[in-house]
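Notes follow the structure.
Start at 1 with the first residue, then count along the sequence.
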Amino acid sequence: MNDDWEVVLRRANIISATEARIAIESEAASLGAKRRTPQDLLTIHRALEQRARRTESKEEYVDADMQFHRAVVAASNNTVLLELFDSFVPRLRQSMVEVLRLSAPLDSETDHGAHLALVEAIATQDSTSAAESSHAHLESLKAALTVHQVGSDTALISPAPCH
């Protein structure tokens, strides 16, 4: 039971970090759609391709996913948002790896589609769709993290309200 509590605490922590990511990345996606350069867009496309190929290990997948999201934040050309994102990555990385190990496999087609929608919004400079795509994707991640399977029982983890 003690090990289960450790998992609950780690998940609650990652949920809080995901809530912060929603705020940072949604705004960064909106700004990125407005401010992105051709080089930014190329970097985002390359990161998406790398993300799609990195399925060998949970660690490689998380690293590629973080690189994709970092490229989106970097396209905002807002150094404060990028520094905030970068400050999360070390904490977030290990938590995401652990969550992927403990959770049911991701629906990779749906997940890739969400990332592709974000890229398309940034490419077409649709700042509203970019923010909405980022927000929806991270909210779905948060929802998936909120439900935790312990044996055959399902427990809902309710972090302290941050909204």
Side-chain angles (χ1 to χ4, degrees), residues 6-7 9-55 57-103 106 111-146 157-163:
E6 290 294 322
V7 171
L9 290 175
R10 281 193 302 262
R11 277 190 192 247
N13 186 27
I14 197 168
I15 289 168
S16 295
T18 301
E19 290 170 342
R21 283 184 67 192
I22 291 167
I24 292 166
E25 291 186 49
S26 296
E27 181 62 18
S30 176
L31 292 172
K34 294 174 190 173
R35 299 176 179 171
R36 60 110 180 127
T37 66
Q39 182 60 47
D40 291 330
L41 193 55
L42 181 61
T43 301
I44 291 169
H45 277 289
R46 285 183 179 155
L48 183 64
E49 291 169 10
Q50 286 294 321
R51 185 184 178 281
R53 286 197 293 261
R54 297 290 184 227
T55 57
S57 73
K58 306 288 187 216
E59 291 83 359
E60 283 186 6
Y61 178 79
V62 168
D63 289 343
D65 186 60
M66 291 292 105
Q67 281 302 113
F68 169 80
H69 287 277
R70 187 183 193 284
V72 169
V73 175
S76 73
N77 289 291
N78 182 308
T79 57
V80 174
L81 290 175
L82 188 57
E83 286 177 24
L84 285 169
F85 181 84
D86 285 346
S87 72
F88 280 20
V89 171
R91 255 174 275 164
L92 195 56
R93 182 190 182 277
Q94 189 56 42
S95 296
M96 287 300 298
V97 169
E98 290 175 23
V99 165
L100 287 175
R101 286 190 179 131
L102 297 169
S103 301
L106 290 173
D111 187 58
H112 184 72
H115 287 79
L116 190 56
L118 175 57
V119 172
E120 289 174 6
I122 292 170
T124 60
Q125 296 186 301
D126 184 343
S127 61
T128 301
S129 291
E132 289 171 354
S133 293
S134 179
H135 191 271
H137 165 63
L138 291 169
E139 280 289 347
S140 69
L141 174 63
K142 179 183 163 189
L145 294 171
T146 302
I157 301 169
S158 301
C162 294
H163 304 285

Closest heavy-atom pair and its distance - Ala121, Ala33: O-CB, 4.1 Å

More than 12 heavy atoms from other groups under 6.0 Å of CZ on Arg53: yes

Rounded distance [0.5 Å steps], CD1 in Ile15 versus CZ in Arg21: 13.5 Å

Polar side-chain atom of Arg36 near backbone of Ala123 as donor-acceptor pair, under 3.5 Å: yes

Reported OG1-to-CG distance for the pair Thr43 and Leu48, which is rounded to 0.5 angstrom: 12.5 Å

Step-by-step side-chain contact (heavy atoms from CB on, under 4.5 Å) determination, Arg70 to Leu82: CA-CA 7 Å; Arg70 187 183 193 284; Leu82 188 57; 3.7 Å; yes

Nearest heavy atoms of Ile122 and Ala29, plus distance in Å: CG1-O, 4.1 Å

Sequence-distant partners of Arg93, salt bridge (Lys or Arg N to Asp or Glu O under 4.0 Å), two or more places apart: Asp63

Minimum heavy-atom distance between Leu92 and Ala17, given as atom pair plus value: CD1-CB, 4.0 Å

Residues His137, Leu118; criterion side-chain contact (heavy atoms from CB on, under 4.5 Å); working and verdict: CA-CA 9 Å; His137 165 63; Leu118 175 57; over 6 Å; no

Stepwise side-chain contact (heavy atoms from CB on, under 4.5 Å) test for His45 and Val119: CA-CA 7 Å; His45 277 289; Val119 172; 3.4 Å; yes

Close side-chain approach of Glu19 and Lys142, heavy atoms under 4.5 Å: yes

Smallest separation among heavy atoms of Ser30 and Ala130, with atom names: N-CB, 4.3 Å

Residue pair Gln50, Phe68: steps toward the side-chain contact (heavy atoms from CB on, under 4.5 Å) verdict: CA-CA 8 Å; Gln50 286 294 321; Phe68 169 80; over 6 Å; no

Side-chain donor or acceptor of Ser129 paired with backbone N/O of Asp126 under 3.5 Å: no

All ring pair (Phe, Tyr, Trp, His ring centres under 6.0 Å) counterparts of Phe85, not counting sequence neighbours: none

Side-chain (Asp86) to main-chain (Leu84) donor-acceptor, under 3.5 angstrom: no

Flag, side chain of Ser134 to backbone of Ala131, donor-acceptor distance under 3.5 Å: no

Taking every non-hydrogen atom, the tightest pair across Glu27 and Leu81: CG-CD1, 4.4 Å

Closest non-hydrogen atom pair between Asn77 and Arg35, with its separation: ND2-O, 3.4 Å

Side-chain touch Met96/Tyr61, heavy atoms, less than 4.5 angstrom: no

Side-chain donor/acceptor of Asp40 to backbone N/O of Thr37, under 3.5 Å: yes

His115 and His69 aromatic ring geometry - parallel, tilted or perpendicular at 30°/60° bounds: perpendicular

Nearest-0.5 Å distance that lies between atom CG in Leu141 and atom CG in Asp111: 8.5 Å

Ser26 side chain vs Ala23 backbone, donor-acceptor pair below 3.5 Å: no

